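Each remark here refers to the structure printed beneath this line.
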Amino acid sequence: MAEIIIVEDEAQAGAIYARCVADLITAKPDAVLGLATGSSPLAAYRALAGIVKEEDIDVSHVRGFALDEYLGLPLTHPESYHATIHRTVVEPLGLDPANVHVPGDVLDGAPLADGERVAAAGPAYDAAIEAAGGIDVQILGIGADGHVGFNEPGSSLASGTRVKTLAERTRVDNARFFGGDLDQVPTHCITQGIGTILKARHLILLAFGAGKAEAIEETVEGGVSAFCPASALQLHPHATIIVDEAAASRLRHKDYYRYAYAHKPAWQGI
Ligand code: F6R
């Protein structure tokens, strides 16, 4: 089972992620970070940027691979995940942009109709991750429908990076980034598959707020099912799920998760 850590707020979750990743980079200066967009990881990125600055950690060799990207948005579009990752991670942390990759980089706005090019991008991305030696720590958010990356319910739990159709609920949730205009939200994306995500050596999933409570319950205490793609984390040997009280509210074994974390030996880390 994954380790469940119930925290007070996003800042506390961010500090746990940041300490873990800062220690990793100190031990392995060319660490490979798996990166997510969305609101859940923002406090974690801020905390990591703070530690990197305070402790003067050299991040010039750190490499990064993002989870996903909208299809059909040029890299320069402010809501492309290429632009978002650069704004929220690359710049604040001071990473070398040449070391950070997003699945749609080679497509740069190519439309879904550009079949051959679009279809080739996924396998090429998985090959690039493998050539980098695999992802050391992958940060994840979770959709209210249980998606991770853009693997919507029904996604193969063995999938590699590929093109997917976004669920209507995800498009509605994300319309807030497009001035509330649903028509501006792309219908397709390219995303690391669940199989790709499971290859990362450590997964850290963050979820905050009551809107995530049902998805967290399914993920942690439901059966492993493509119906809730995040439930595949149960198959991973090193998955850490950090949630606030609201996101944890439907968990039946909360007391045990709290007890286990409180009694964890300090040498174990997360
Ligand atoms: C983002 C991603 C998505 C989000 C999820 C939650 O790269 O892959 O799975 O993590 O939609 O989004 P937030 O964090 O905005 O609630």
Side-chain angles (χ1 to χ4, degrees), residues 7 9-11 13-14 17 33-46 64-71 73 77-90 100-105 122 125 129 135 137-155 157 159-178 180 185-186 188-198 200 203-216 218-219 226 228-233 239-244 246-247:
V7 294
D9 53 23
E10 298 189 30
Y17 166 85
L33 305 183
L35 305 167
T37 57
S39 24
S40 307
L42 292 178
Y45 295 146
R46 272 196 300 273
F65 286 91
L67 275 175
D68 42 16
E69 176 62 287
Y70 292 115
L71 210 62
L73 292 189
H77 189 292
E79 292 310 325
S80 77
Y81 282 180
H82 175 91
T84 306
I85 287 288
H86 279 255
R87 198 167 54 235
T88 57
V89 183
V90 175
V100 179
H101 312 279
V102 181
D105 280 353
Y125 196 69
I129 293 175
I135 289 170
V137 177
Q138 173 69 58
I139 193 169
L140 298 166
I142 182 171
D145 62 2
H147 71 235
V148 280
F150 273 142
N151 296 280
E152 300 285 16
S155 294
L157 300 185
S159 46
T161 303
R162 72 230 181 280
V163 169
K164 289 289 287 178
T165 311
L166 290 170
E168 205 55 12
R169 172 151 188 196
T170 304
R171 294 184 62 236
V172 170
D173 282 351
N174 288 5
R176 67 189 195 276
F177 297 115
F178 292 83
V185 186
H188 290 75
C189 63
I190 174 165
T191 179
Q192 284 191 31
I194 298 291
T196 314
I197 292 168
L198 290 179
L203 303 178
I204 301 180
L205 185 144
L206 307 175
F208 310 108
K212 302 290 174 72
E214 202 178 327
I216 287 296
E218 292 266 358
T219 297
C228 175
S231 66
L233 266 69
T240 308
I241 297 180
I242 311 180
V243 288
D244 66 2

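This chain uses plain numbering: 1 for the first residue, then up along the sequence. Heavy atoms only: backbone and side chains are in, while hydrogens, waters and symmetry mates are out. Atoms within each ligand, like the ligands themselves, are counted from 1 in listed order. What you are looking at is a predicted structure, and each value in this text was computed from that prediction instead of being measured.
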Students should be able to answer this: which protein heavy-atom is nearest to atom 6 (C) of ligand 1, and at what distance? I142 O, 3.4 Å
Backbone of G143 reached by a side-chain donor or acceptor of R169 within 3.5 Å: no
So, the side chain of K164 versus the backbone of E152: is there a donor-acceptor pair under 3.5 Å, distance only? no
Record the part of R176 in heavy-atom contact with ligand 1 below 4.0 Å; permitted values are side chain, backbone, both and neither. side chain
Contact between I139 and P41 at the side-chain level, heavy atoms closer than 4.5 Å - yes or no? yes
Within the 4.5 Å heavy-atom criterion, are L140 and L233 side-chain neighbours or not? yes
Tell me whether D244 contacts the main-chain N or O of D9 through its side chain, where contact means a donor paired with an acceptor under 3.5 Å. no
Suppose we measure from atom 2 (C) of ligand 1 to each protein heavy atom; which comes out shortest, and what is that distance? D68 OD2, 3.3 Å
List the closest protein heavy-atom neighbour of atom 14 (O) of ligand 1: residue, atom name, distance to the nearest 0.1 Å. S40 OG, 2.5 Å
The closest protein heavy-atom partner of atom 16 (O) of ligand 1 is K212 NZ, 2.7 Å
Do any N/O atoms on S39 end up under 3.5 angstrom from N/O atoms on ligand 1? yes
Note: ligand 1 atoms sitting under 4.0 Å from heavy atoms of G141 are 10 (O)
Where on T37 is there a heavy atom closer than 4.0 Å to ligand 1, on the side chain, on the backbone, on both, or on neither? both
Among all protein heavy atoms, pick out the one at the shortest distance from atom 9 (O) of ligand 1; state its residue, atom name and that distance to 0.1 Å. G149 O, 2.7 Å
Which atoms of ligand 1 have any heavy atom of L67 under 4.0 Å away? 8 (O)
Short side-chain to backbone donor-acceptor contact, Y125 and H101, under 3.5 Å: yes
Tell me: protein heavy atom nearest atom 5 (C) of ligand 1, and distance? H147 NE2, 3.4 Å
Where the side chain of T191 meets the backbone of F150, is there a donor-acceptor pair that is under 3.5 Å apart? yes
Is the gap between the ring centers of Y70 and F177 under 6.0 Å? no
